[in-house]
Chemist: 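Dropping a structure here in structure tokens format, bear with me for questions.
Heads up: numbering here begins at 1 and tracks the sequence.
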Amino acid sequence: MKSTDVLIMRPMMPLVTDSLERLFTLHRGDQAEDKERFLDEVGPKIRGMAVSHVHVNDALLDRLPKLEIVANFGVGYDTIDAAACGRRGVMVTNTPDVLTDEVADLAVGLLLATVRQIPQVDRYLRQGKWLEKPYPLTGTLRGRKVGILGLGRIGRAIAHRLVAFGLPIAYHGRTRQADVPYEYFPSLLEMAKACDVLMVVAPGGPETKNMIGREVLEALGPQGVLINVARGTLVDEDALAAALADGTIQSAGLDVFADEPKVPEALIAQEHAVLLPHVGSASIHTRNAMGQLVVANLTSWFQGNGPVTPVAETPWKA
């Protein structure tokens with residue numbers, strides 16, 4: 001496989017780059033001063049690509065005529081036009097399962113931090129305010145119902161954890177799932193009306209862009225809590241900032257944003273929002289497992305064994 005030409009266009013963790021350099025002929029677009037000239041030179045011979053937050057579209061695919069596989073670092077692959085890849089016979093893989101538990105853990109932690117105002121309470125103590133008077137009473141998970149938008153692997157793992165908290169669970173998705181005991185809502189709006197917490201775990205992309213806007217937030221209500229560990233594009237951030245400012249909902253916990261790493265000042269200004277810099281899977285253990293799966297997909301493919309974790313748009317039949 002050492003003669004196989006593989007490309008990366010943005011920096012990736014050393015585990016990935018070191019492994020790819022050892023196994024393949026790795027071309028480092030992340031280190032190229034003139035990326036256009038670099039692609040002109042190496043594009044015609046590239047057969048594999050490892051990506052993280054890289055837009056793979058027809059324009060890029062045109063420059064990689066021998067490309068066979070795109071291995072994505074992450075379970076979400078909305079930056080990759082997988083349908084276009086499928087039409088060209090290019091396999092796309094992602095890194096499911098290995099990050100499920102980590103993201104689910106973070107989602108539950110973010111919910112607790114948001115409802116019980118844990119970051120705000122920490123700041124209160126550090127600023128010496130506890131010496132003056134106790135912190136005001138916070139909200140609670142007691143008596144709440146959680147609606148999960150997107151009951152995939154991560155959504156199910158979150159539901160499993162929240163059931164242990166004694167919370168009733170509902171979900172909305174494209175179809176009802178026969179093997180889960182949770183209440184199903186065919187309408188996101190109706191689920192928001194019936195729940196106190198809206199947990200967002202659905203895929204990003206054009207179909208889900210801004211699907212959580214003013215109407216859904218109003219349905220969630222003044223005791224409502226929005227938690228997003230999926231993609232920032234699912235939430236209308238202007239509507240959310242306004243809803244937090246005027247009390248339409250109680251609070252929000254966000255690990256993702258529409259234009260990362262840029263976070264709207266209108267959200268940063270909201271005291272009742274807990275904001276994290278997209279750290280859902282960001283533990284050493286999980287990121288290493290993700291990196292190993294990226295390498296495993298490329299290795300398996302070029303050994304003739306097919307992909308390990310192909311995405312739905314590019315299914316593999318051995």
Chemist: Which value, rounded to the nearest 0.5 Å, describes the distance between Q223 atom CD and T140 atom OG1?
Modeler: 11.5 Å

Chemist: So how far is it from M9 CE to D30 CG, rounded to the nearest 0.5 Å?
Modeler: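 Reported to 0.5 Å precision, the distance equals 8.5 Å.
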
Chemist: Between N72 and T95, is any side-chain donor less than 3.5 angstrom from a side-chain acceptor?
Modeler: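 No, because no side-chain N or O of N72 sits under 3.5 Å from a partner of the opposite role on T95.
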
Chemist: Does the pair D122/R126 count as a salt bridge with the N-to-O cut at 4.0 Å?
Modeler: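 Yes, charged N to carboxylate O under 4.0 Å.
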
Chemist: Assert yes or no for the condition that the ring centre distance of F185 to Y171 is strictly below 6.0 Å.
Modeler: no

Chemist: Any Lys/Arg nitrogen of E183 or R176 sitting under 4.0 Å from an Asp/Glu carboxylate oxygen of the other?
Modeler: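 Salt bridge flag = no for R176 with E183.
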
Chemist: Do NZ/NE/NH1/NH2 and the carboxylate oxygens of D5 and R28 come within less than 4.0 Å?
Modeler: no

Chemist: With a 4.5 Å cut-off on side-chain heavy-atom distances among I, L, V, M, F, W and Y, is there a chain of contacts connecting F302 to V16?
Modeler: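 Yes, because F302 and V16 connect within a single hydrophobic cluster, where side-chain heavy atoms sit under 4.5 Å apart.
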
Chemist: Give the intermediate values and the outcome of side chain to side chain contact (heavy atoms under 4.5 Å, CB included) for residues L60 and M49.
Modeler: CA-CA 11 Å; L60 179 58; M49 188 175 183; 3.7 Å; yes

Chemist: Measuring from L61:CG to L67:CG, what's the distance to the nearest 0.5 Å?
Modeler: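 Answer rounded to 0.5 Å: 6.5 Å.
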
Chemist: Run the salt-bridge test on D78 and R231 with the 4.0 Å N-O cut-off and return the result as yes or no.
Modeler: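 Yes, charged N to carboxylate O under 4.0 Å.
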
Chemist: Can you tell whether the side chains of K129 and E132 come within less than 4.0 Å, N to carboxylate O?
Modeler: no

